[in-house]
Protein chains: 2
Amino acid sequence: MIDKLEMFIALAREEHFGRAAAAQGVTQPTLSAAIKQLEDQLGVMLVWRGSRYRGLTPEGQRALDWARRIVGDTRSLRQEMRAAREGLSGDIRLAVIPTALTVVSDLTAGFTEKHPNVRFSVQSKTSAEILDMLENLEIDAGLTYLDNEPLGRVTTVPIYDERYVLVARADHPLLSGPVRWGDLGDVPLCLLTPDMQNRRIINQHLAEAGVDVDPQIESTSVVVLVSHVLRSNWATILPVRAAEIFLAGSELGSVPLIKPDASHTVGLVAPHREPFTPVLAALLARARGLSEIGIA
Amino acid sequence: MIDKLEMFIALAREEHFGRAAAAQGVTQPTLSAAIKQLEDQLGVMLVWRGSRYRGLTPEGQRALDWARRIVGDTRSLRQEMRAAREGLSGDIRLAVIPTALTVVSDLTAGFTEKHPNVRFSVQSKTSAEILDMLENLEIDAGLTYLDNEPLGRVTTVPIYDERYVLVARADHPLLSGPVRWGDLGDVPLCLLTPDMQNRRIINQHLAEAGVDVDPQIESTSVVVLVSHVLRSNWATILPVRAAEIFLAGSELGSVPLIKPDASHTVGLVAPHREPFTPVLAALLARARGLSEIGIA
DNA sequence: CCCCTACATAGACAGCGTCTATCAAACCCT
DNA sequence: AGGGTTTGATAGACGCTGTCTATGTAGGGG
């Protein structure tokens with residue numbers, strides 16, 4: 001039964017029988033049969049049938065919610081029992097917005113010393129993808145914006161407040177003093193792509209300052225932005241925490257962006273599943289510790 | 001997996017392999033094997049082994065919490081899918097304290113008209129048993145006291161406030177006017193047994209009034225109390241809602257018990273499981289409706 | 001000390017899940 | 001419009017797992 005629910009979740013996520021089967025490590029007929037049996041046992045159609053996957057029925061959508069809970073709780077059970085057996089161990093799968101990637105090391109530092117059997121798997125994703133993956137049980141926790149966008153049924157731990165700086169080569173004329181958002185009208189910029197929340201935040205502040213920008217370079221990667229800034233006359237806007245790793249000993253400089261002193265809270269997001277598994281509880285505790293000592 | 005968790009829950013409840021197996025409709029070796037495999041899969045001991053059942057290990061206790069959630073959610077999934085298929089249907093298993101048994105008909109009235117495919121199964125239990133059965137998934141909801149005793153992770157809907165009357169044959173000397181708790185010192189009484197919360201409440205009010213009672217007749221059944229009162233010179237103390245069904249056209253009379261005007265909230269208790277299944281949601285809605293029109 | 005209760009173990013059997021191979025339908029592109 | 005491709009369903013074989021009955025073994029009680 002639980003296996004079938006896992007396959008059902010995979011199907012809803014992949015929207016494709018073949019891919020879902022591959023993701024579950026079974027063949028396509030096996031997954032097809034599992035879904036059919038699930039429908040038989042529950043007595044309702046879960047998936048619109050045709051010669052293609054055409055989405056979930058309303059009942060399928062409701063069933064998906066329950067399936068996620070059941071499968072998630074089952075994983076929690078297994079994980080907690082393993083923790084009881086061999087101490088904190090296993091993988092923590094994290095997804096992180098690009099501008100918070102440098103904060104992950106603050107989170108893992110100390111944690112891995114205390115719990116040497118815990119492995120981390122960190123991937124860079126957009127904030128929307130992070131919430132999706134959290135729902136689909138593809139990650140255990142996320143590091144993303146806590147305000148601004150609706151979060152689901154999750155537990156959040158704020159860690160720091162993002163503040164923004166303009167980053168450019170040290171000889172850039174704007175670097176002599178604080179820069180207002182409104183000053184950026186004609187500055188050549190590299191920015192993150194508009195599907196990313198950081199970019200939407202920046203767009204919003206620029207718009208409020210009456211500025212309209214049209215970046216020549218857009219990317220989902222901060223590294224791409226910085227390497228462009230390094231090699232040319234461009235500037236970029238980055239959160240302090242994302243920028244500082246590039247500033248030490250480089251030819252780059254930065255100045256705070258003011259008016260307004262924009263600030264957005266970034267923190268840990270985890271599925272709200274009472275009680276928390278020991279590993280997750282430890283991670284959340286670590287995040288609360290970070291927030292208290294004020295790493296930003 | 002889910003079957004094994006069900007067996008594990010049954011074992012924890014029955015504290016006996018044979019009885020748990022019978023409760024699950026399997027033989028004892030099957031259940032033994034299931035528990036053993038569960039322990040193997042989770043990699044921990046769940047049950048203290050000997051030639052007898054000797055309780056759960058700490059890990060078993062934690063696993064039991066998860067198992068209850070997982071099994072409960074699975075049942076919710078099935079129930080909700082059946083509701084989607086054939087409208088509200090199925091059984092609602094209720095456990096009710098004896099003094100609230102007459103209120104059940106208020107709850108079921110109208111409900112069964114609207115939802116003819118819903119069956120009710122009502123059993124009379126003590127408030128402690130009700131909370132136990134709620135945890136063990138043996139009932140879907142309970143009707144019991146909402147104050148006074150600690151409730152677990154449950155949803156509660158208050159329905160009415162219990163108020164107390166003295167019940168005796170119509171010719172009983174005390175029935176001429178309101179009676180104070182303190183007047184009951186030498187009155188021969190029949191009361192519920194001391195393991196029942198109603199009795200503990202009554203004891204408390206009597207004690208506060210400085211009265212010490214020693215009932216000659218104790219029972220877990222209100223019917224037993226009333227039949228004794230009918231046939232002899234005894235009196236009993238009952239909530240209004242429990243008493244009134246016996247008063248109409250009988251040789252009995254009642255007077256309010258005052259000083260203090262004691263009152264205890266009774267209502268519906270259901271496991272807190274988001275989202276609620278359609279039947280349970282409907283039942284809770286019905287209970288809220290009752291509370292609003294003030295059936296007491 | 002013996003018997004009874006309680007749980008574990010052994011072996012047989014059935015049902016279910018999974019695989020490979022194949023089919024049917026719908027979509028896509030020329 | 002038609003051939004090729006993609007997508008999911010179906011068929012049949014095989015192995016695993018869960019369940020049963022029968023039996024063994026260890027404590028507990030009289």
Side-chain angles (χ1 to χ4, degrees), chain A residues 1-57 59-61 63-64 67 70-71 74-75 77-78 81, chain B residues 1-57 59-61 63-64 67 70-71 74-75 77-78 81:
Chain A
M1 179 76 179
I2 287 183
D3 302 314
K4 294 175 189 170
L5 293 179
E6 293 229 32
M7 295 192 206
F8 179 56
I9 293 172
L11 176 61
R13 168 165 37 90
E14 304 288 344
E15 303 188 323
H16 186 282
F17 280 72
R19 281 198 299 276
Q24 291 296 296
V26 298
T27 60
Q28 172 263 316
T30 299
L31 189 131
S32 280
I35 301 298
K36 190 177 189 56
Q37 285 165 13
L38 197 58
E39 288 180 323
D40 285 350
Q41 288 181 26
L42 297 179
V44 293
M45 279 225 166
L46 299 173
V47 179
W48 292 122
R49 320 305 276 252
S51 74
R52 288 174 123 54
Y53 175 89
R54 297 217 186 274
L56 299 180
T57 63
E59 295 80 22
Q61 196 53 247
L64 180 61
I70 294 166
V71 169
T74 304
R75 291 189 190 171
L77 168 61
R78 288 191 218 277
M81 291 302 106
Chain B
M1 180 77 179
I2 286 182
D3 303 314
K4 294 174 188 171
L5 293 178
E6 294 230 32
M7 295 192 205
F8 178 57
I9 293 172
L11 176 61
R13 167 164 39 87
E14 304 288 344
E15 303 188 323
H16 186 284
F17 280 72
R19 281 198 299 275
Q24 290 296 298
V26 296
T27 60
Q28 171 261 317
T30 299
L31 188 131
S32 280
I35 301 299
K36 189 176 189 56
Q37 284 166 12
L38 197 59
E39 288 181 322
D40 285 350
Q41 288 181 25
L42 297 179
V44 293
M45 278 224 165
L46 299 173
V47 179
W48 293 121
R49 320 307 275 254
S51 74
R52 283 172 130 54
Y53 176 88
R54 299 217 186 273
L56 300 181
T57 63
E59 295 80 25
Q61 196 54 247
L64 180 61
I70 294 166
V71 169
T74 304
R75 291 190 191 168
L77 167 61
R78 288 191 216 276
M81 291 303 106

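A, B, ... follow the sequence lines: proteins, then strands. Residue 1 opens every chain. These numbers come from the heavy atoms of this one structure, side chains and all, not from hydrogens, waters or symmetry mates.
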For residues 30-37 of chain B, dump all side-chain donor-acceptor pairs below 3.5 Å to protein atoms at least two apart in sequence or in another chain.
residue, atom, partner, partner atom, Å
B:T30, OG1, B:T27, OG1, 3.0
B:S32, OG, B:Q28, O, 3.4
B:S32, OG, B:Q28, NE2, 3.1
B:Q37, OE1, B:K4, NZ, 3.2

Specify the closest pair of heavy atoms between A:M81 and B:L42, including all atoms of both residues, with the distance to one decimal.
-> CB-O, 3.7 Å
What are the two closest non-hydrogen atoms of A:A63 and A:L46, and how far apart are they?
-> CB-CD2, 3.8 Å
5' to 3' on DNA chain D, which nucleotides open and close the contacts with chain A (atom under 4.0 Å from a heavy atom)?
-> D:dT7 to D:dT10
Please report, rounded to the nearest Å, how far the C1' atom of C:dC7 is from the CZ atom of B:R19.
-> 13 Å
Got a sec, which pairs hit salt bridge (charged side-chain N to carboxylate O under 4.0 Å, His left out) with one end in residues 38-47 of chain A, sequence neighbours left out?
-> A:E39-A:R49
Looking at residues at least two apart in the chain, or sitting in another chain, which of them share a side chain to side chain donor-acceptor pair (under 3.5 Å) with A:R78?
-> none
What residues, two or more places apart in sequence or in another chain, satisfy side chain to side chain donor-acceptor pair (under 3.5 Å) together with A:E59?
-> A:T57
Relative orientation of the end axes in the helix from C:dC1-D:dG30 to C:dT30-D:dA1, expressed as an angle to the nearest 10° (five pairs per end) = 30°
So which of residues 28-38 of chain B are in contact with DNA chain D, with a heavy-atom cut-off of under 4.0 Å?
-> B:P29, B:T30, B:Q37
Return a table of donor-acceptor pairs under 3.5 angstrom between the side chains of residues 11-18 of chain B and protein atoms on other chains or two or more places apart.
residue, atom, partner, partner atom, Å
B:H16, ND1, B:G18, N, 3.1
B:H16, ND1, B:R19, N, 3.0

Please list each protein N or O that sits under 3.5 Å from an N or O in nucleotides 27-30 of chain C, with the distance.
residue, atom, partner, partner atom, Å
C:dC27, OP1, A:R54, NH2, 3.0

With sequence neighbours excluded, tell me which residues meet side-chain contact (heavy atoms from CB on, under 4.5 Å) with A:A67.
-> A:L5, A:F8, A:I9
Pick the nucleotide of DNA chain C nearest each of A:Q41 and B:Y53; which residue has the one closer to the 5' end?
-> B:Y53
Could you give the distance from CG (A:L77) to CD (B:Q41), rounded to the nearest 0.5 Å?
-> 10.0 Å
Do any of residues 1-18 of chain A sit with a heavy atom less than 4.0 Å from DNA chain C, and if so which?
-> A:K4, A:M7
